[in-house]
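Following: one structure in structure tokens, then a few remarks.
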Amino acid sequence: MKAYIALIIGALSISTSAIFVKFTDAPSAVIAFYRLFFAVVFMTPLFIVKHIRETKQMNKKDWAFAVLSGTLLAFHFILWFESLRYTSVASSVVLVTLQPIFAFVGGFFFFKEKMTMSEWISALLAILGSVIISWGDFRVSGEALYGDMLALIACAMVTGYWLVGQHLRKQFSLITYTYIVYGIASLVLSVYVSLFRYSFLSYNANDWWCFVLLAVIPTLFGHSLFNWAMKWVNAAMVSMAILFEPIGAIILAYIWLDEKVYLSQGIGSFFIIIGIGAYMLGKHIKNNKKIVAFHKRT
């Protein structure tokens, strides 16, 4: 049950991400870099004191997974933040959270994870909700469509990040896993920023506050909680929980950015809550049955 609570808090936290990005005019890669760089800085004391020895247990395969996971996370942020330059918060966030489609396929082919019919129905309800939310906000223009495509690619990237990270998270502590992956991602982003000759320093106070808040709220209280929960739940479950993000993001965009809320977004939010609720309830019942069966055998 603690894992489910963590997923809910994580989803609420990451709902702020798009808003903070909208509040800064810094290049997308720079925003992504500082979001992860500051997160790593804040985690460093705890990592050095309690977890640095754990890295000795990592073999070449583990490091390869970490590099792949960090790289996927880095480009997810670049593409998603860039999509927010061209399309609305609602459209971008909805598209980037359509991860169950990718997660279920990836989990089926790479991890041989099986999905029951009720779980598929629950997932489809949540996905339908996301589609309904986006329907009233899509603008038929080349610019908006470009932003939508970036968001979809970013969605595929972050799903790959969760699927790859699932292997590492079940072997190492939360701090060790997130510190290494965030560190690798920030290194990749620093190279990207340097190659495109973006400035690392010429930003105003508002930008720096956005960088720090992105590191603390959606990263440390968002992604890190998802990674903590991933020790007990699979990538598909994490992706389902992330579908809460559009609801929070749309509400915050209405309050802080004056973006309109359409009836379609309210209806879509209803389907998302029903779908996620049914999915989590089904998973909880299934896990309880497994526990009861195990105790009966022993």
Side-chain angles (χ1 to χ4, degrees), residues 3-8 10-12 14-15 18 76 80 83 87-138 145 148-166 226 229-230 232-251 261-290:
Y4 299 145
I5 295 173
L7 290 177
I8 293 171
L12 293 173
I14 63 173
S15 296
H76 157 70
W80 179 38
S83 77
T87 190
S88 68
V89 168
S91 290
S92 180
V93 172
V94 165
L95 288 170
V96 86
T97 52
L98 287 177
Q99 297 167 34
I101 296 174
F102 297 95
F104 294 158
V105 173
F108 178 79
F109 285 105
F110 297 108
F111 299 101
K112 309 301 180 184
E113 294 177 355
K114 295 181 179 180
M115 297 290 296
T116 65
M117 182 58 68
S118 62
E119 289 169 346
W120 275 110
I121 292 173
S122 298
L124 288 173
L125 278 174
I127 293 168
L128 175 62
S130 292
V131 173
I132 293 173
I133 286 176
S134 66
W135 188 259
D137 195 63
F138 277 131
L145 288 174
D148 298 339
M149 290 302 298
L150 289 176
L152 279 172
I153 299 171
C155 176
M157 291 285 183
V158 77
T159 305
Y161 157 71
W162 292 122
L163 289 171
V164 174
Q166 187 174 245
F226 286 144
M230 201 155 57
W232 293 275
V233 299
N234 59 25
M237 172 65 86
V238 173
S239 294
M240 286 297 297
I242 290 173
L243 282 172
F244 270 121
E245 182 181 1
I247 301 171
I250 289 169
I251 293 172
V261 178
Y262 299 101
L263 177 62
S264 59
Q265 294 168 337
I267 296 173
S269 297
F270 173 78
F271 276 107
I272 289 174
I273 292 172
I274 295 299
I276 292 174
Y279 185 87
M280 288 186 170
L281 179 62
K283 278 288 185 182
H284 184 63
I285 293 173
K286 183 191 289 187
N287 289 337
N288 283 343
K289 286 182 178 179
K290 287 182 179 179

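- Looking at every heavy atom in both residues, A229 comes nearest to L7 through CB-CD2, 3.7 Å.
- Atom CD1 of residue I267 and atom CG of residue L128 lie 10.5 Å apart, to the nearest 0.5 angstrom.
- The CZ atom of F270 sits 9.5 Å away from atom CG of L125, with the distance rounded to the nearest 0.5 Å.
- Between S92 and A151, the shortest heavy-atom contact is O-CB, 3.8 Å.
- The two residues L150 and S83 come nearest to each other via the heavy atoms CB-CB, 3.7 Å.
- In terms of the side chain to side chain contact (heavy atoms under 4.5 Å, CB included) criterion, residue partners of A154 (sequence neighbours excluded) are, by chain and number, H76, L79, W80, V96.
- F226 pairs by the ring pair (Phe, Tyr, Trp, His ring centres under 6.0 Å) definition with W162, not counting sequence neighbours.
- For the residue pair E245 and I14, the shortest heavy atom distance occurs at OE2-O, 3.1 Å.
- Shown here are the side chain to side chain contact (heavy atoms under 4.5 Å, CB included) partners of L152, two or more places apart in sequence or in another chain: L95, M149.
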